Amino acid sequence: MIEKNDTKNLRGKTLIVGFPGMALVGKATADFLISKMKLEEYVEFFPVQSPSSVIVMDGIIQPLSIKLYSSSSLQIAVLTASFQPQGEEAQTALAFDLSKKLVDLGFSKIISAAAYVSPEIKNGRKVFVAATNKEFIDELSKVGCVPMNGGISGLNGLIPALAEMYGIEGAVLLGETIEVYVASNVVDYMAVGEILRVLSSYLKFEIDLEDLTSKAKDIDEKIKKAMEKGFQEVAEEKEEQPSTHM
């Protein structure tokens, strides 16, 4: 672990976690917060569970790492990386390792961002919530979240869940998305935007979502056109096939 800023400033803050996952919702939420809120790098972790590869930029090699960002003027911090470990055992081991370090850094709450895949979207995008206690669920329900049932895989679920073992409240906010975003590996900015609205309301900070909303509408329109084209091609293919009766 390498400290880039005074970590004493992290004590008492809420940590927002966002690792790559379905529709890249968690990672995009973290990246948008870091960029829009102009957060600075505070800590860099180099876990042994990282994939066995390096990043090369202009010929310079860099090991994969997990970075923690914050600002002395804000009560939030963000934890993210470009990867999740390969395999469930490695993910669980890293989640335990990180949880111990996050406790030492003094965070008061941990909230992660993830995706909830629905068969179809009805009546607008929802944000589902799972948390370590009912009181936390009730608090987040008041800002528009819907309690969920089911399971959450990966670091975005593990880290908040393990937080309770160390006396820290944890929650996962899951932006509603659909399978086409997941299958296409396209960022669902609409889901990201809904999570950010919940976070800004609950944690009482202001963030401009105009750019994100515009990008979300653009990608959603492209997705819809691609789906319509796909349906049309399937229909045309069926029309060309000879009729059969059984």
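These numbers come from a predicted model, not from an experiment. In this chain, residues are counted from 1 in sequence order.
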What I'd like to find out is whether the side chain of [X] reaches to under 4.5 Å of the side chain of [Y], using heavy atoms alone.
X      : Y      : answer
Thr7   : Val43  : yes
Val127 : Val129 : no
Tyr42  : Ser72  : yes
Leu68  : Leu102 : yes
Ile55  : Met57  : yes
Ser108 : Thr14  : yes

Please assess Leu105 against Arg11 for the test side-chain contact (heavy atoms from CB on, under 4.5 Å), listing each intermediate value before the final yes or no.
-> CA-CA 6 Å; Leu105 290 171; Arg11 294 201 167 275; over 6 Å; no

Would the distance check show the side chain of [X] and the main-chain N or O of [Y] forming a donor-acceptor pair, the cut-off being under 3.5 Å?
X      : Y      : value
Ser70  : Ile76  : yes
Gln84  : Pro20  : yes
Ser214 : Glu210 : no
Ser201 : Val198 : no

Out of curiosity, does [Y] fall in the hydrophobic cluster containing [X] (side-chain heavy atoms, cut-off under 4.5 Å, transitive links)?
X      : Y      : answer
Ile121 : Met22  : no
Phe205 : Leu140 : yes
Val192 : Val117 : no
Met190 : Ile223 : no
Ile168 : Val17  : yes

Whether over 12 other heavy atoms sit under 6.0 Å from Tyr166 OH = yes

Sequence neighbours excluded, which residues qualify as side chain to side chain contact (heavy atoms under 4.5 Å, CB included) partners of Glu44?
-> Lys4, Glu41, Phe46, Ser65, Lys67

Quick note, salt bridge (charged side-chain N to carboxylate O under 4.0 Å, His left out) partners involving residues 16-36, not counting sequence neighbours, are Lys27-Asp31, Lys36-Asp211

Sequence neighbours excluded, every pair satisfying salt bridge (charged side-chain N to carboxylate O under 4.0 Å, His left out) that has a member inside residues 162-185 | Lys109-Glu169

Could you give the distance from [atom1] ([X]) to [atom2] ([Y]), rounded to the nearest 0.5 Å?
X      : Y      : atom1 : atom2 : answer
Glu3   : Lys8   : CD    : NZ    : 10.0 Å
Gln75  : Asn9   : CD    : CG    : 9.5 Å
Leu199 : Thr29  : CG    : OG1   : 7.5 Å
Ile111 : Ile16  : CD1   : CD1   : 6.5 Å
Lys38  : Tyr69  : NZ    : OH    : 15.0 Å
Leu24  : Ser184 : CG    : OG    : 11.0 Å

Given side-chain contact (heavy atoms from CB on, under 4.5 Å), test Leu15 with Val78 step by step and report yes or no.
-> CA-CA 6 Å; Leu15 177 67; Val78 176; 5.7 Å; no

Residues Tyr202 and Glu139: side-chain donor-acceptor under 3.5 angstrom | yes

Between [X] and [Y], what is the shortest heavy-atom contact and its length?
X      : Y      : value
Ser200 : Ile207 : CB-CG2, 4.1 Å
Ile110 : Ala163 : CD1-CB, 4.0 Å
Phe83  : Pro85  : CD1-N, 4.0 Å
Ala115 : Leu174 : O-CD2, 3.5 Å
Ala30  : Gly18  : CB-O, 3.8 Å
Leu10  : Ala77  : CD2-CB, 4.3 Å

Assess whether side-chain contact (heavy atoms from CB on, under 4.5 Å) is satisfied between Ile66 and Leu94, documenting all intermediate values.
-> CA-CA 11 Å; Ile66 298 171; Leu94 177 56; 3.8 Å; yes

Begin from the C-alpha positions of Leu209 and Phe32 and carry the test side-chain contact (heavy atoms from CB on, under 4.5 Å) through to its verdict.
-> CA-CA 9 Å; Leu209 299 177; Phe32 191 82; 3.7 Å; yes

Thinking salt bridges, do Asp218 and Lys222 make one under a 4.0 Å N-O criterion?
-> yes

With the threshold set at 4.0 Å, does a side-chain nitrogen-carboxylate oxygen contact exist between Asp220 and Lys224?
-> yes

Checking salt bridge (Lys or Arg N to Asp or Glu O under 4.0 Å) for the pair Asp138/Lys134: CA distance, chi angles, key distance, verdict?
-> CA-CA 6 Å; Asp138 291 342; Lys134 188 179 183 303; 3.1 Å; yes

Which atom pairs, donor and acceptor, lie under 3.5 Å between side-chain atoms of residues 146-161 and protein residues at least two apart or in another chain?
from	atom 1	to	atom 2	distance (Å)
Asn156	OD1	Phe19	N	2.9
Asn156	ND2	Phe19	O	3.0
Asn156	ND2	Ala113	O	3.4

How would you list all residue pairs meeting ring pair (Phe, Tyr, Trp, His ring centres under 6.0 Å) that involve residues 105-128, not counting sequence neighbours?
-> Tyr116-Phe128

Pair listing, side chain to side chain donor-acceptor pair (under 3.5 Å) test, anchored in residues 188-197, at least two apart | Arg125-Asp188, Thr177-Asp188, Glu194-Arg197

